[in-house]
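All values reported here derive from a predicted model rather than from experimental measurement.
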Amino acid sequence: QIQVVESGGGSVQTGGSLRLSCAVSGAEYCTHDMDWYRQAPGKEREFVSRISRRGERTYADSVKGRFTISQDNAKTIVYLQMNNLSADDTAMYYCKTHWCDYWGQGTLVIVSS
């Protein structure tokens, strides 16, 4: 069974940094591409970033230049390095297998202004 387990959320002040982790396991085809999404209170869920098995990276305009998605050599952990955080980044962050639509439990990020 596919496992998607997130960690790394927490609180940080404006301008700070945080790194989220997503440990994944299961069928390889399900994890060829991994996504990060987020949903702020009262807002629609939005795409944040994606990384393919080949290493191609995609970012939402709102985070481009500040966030970096990466994965370990074994491709079992997907990271989201978040720098220069602002209050607008406050949200529940979710890791997701792109092709199989398995979602992590979410990890909360709170950025204090």
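Atom NZ of Lys43 sits about 12.0 Å away from atom OG1 of Thr90, to the nearest 0.5 Å. Here the CZ atom belonging to Arg38 is positioned 8.0 Å from the CG atom belonging to Asp88, to the nearest 0.5 angstrom.
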Ignoring hydrogens and angles, write down the donor-acceptor pairs under 3.5 Å from the side chains of residues 13-27, residues two or more places apart or on other chains.
unit_1	atom_1	unit_2	atom_2	d
Thr14	OG1	Ser112	O	2.7
Ser17	OG	Asn83	OD1	2.9

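Tyr37 is linked by a ring-ring contact (aromatic ring centres under 6.0 Å, His included) to Phe47, Trp103, counting only residues two or more places apart in sequence or in another chain. A search for side chain to side chain contact (heavy atoms under 4.5 Å, CB included) contacts involving Ile69 returns Trp36, Ser49, Ile51, Arg57, Tyr59, Val78, Leu80, not counting sequence neighbours. Applying the side chain to side chain contact (heavy atoms under 4.5 Å, CB included) criterion to Ala87, with sequence neighbours excluded, gives Ser113. Applying the side chain to side chain contact (heavy atoms under 4.5 Å, CB included) test to Trp99 and every residue at least two apart in sequence or in another chain returns His32, Asp33.
The disulfide (SG to SG under 2.5 Å) pairs that include a residue from residues 29-94 are Cys30-Cys100, where partners are two or more places apart or lie in different chains.
Checked by atom type and distance alone, the side chain of Arg50 never pairs as donor or acceptor with a backbone atom of Thr58 at under 3.5 Å.
Between Asp72 and Tyr79 the shortest heavy-atom distance is N-CE1, 4.1 Å.
Met92 places a side-chain heavy atom less than 4.5 Å from the side chain of Tyr94. In this structure the side chain of Thr97 reaches within 4.5 angstrom of the side chain of Met34, judged on heavy atoms.
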Notebook entry, point to check: Should Arg66 and Asp89 be marked as a side-chain contact (heavy atoms from CB on, under 4.5 Å) after you check the CA-CA gap, both sets of side-chain angles, and the distance that decides it?
Noted result: CA-CA 11 Å; Arg66 299 186 299 118; Asp89 297 312; 2.8 Å; yes
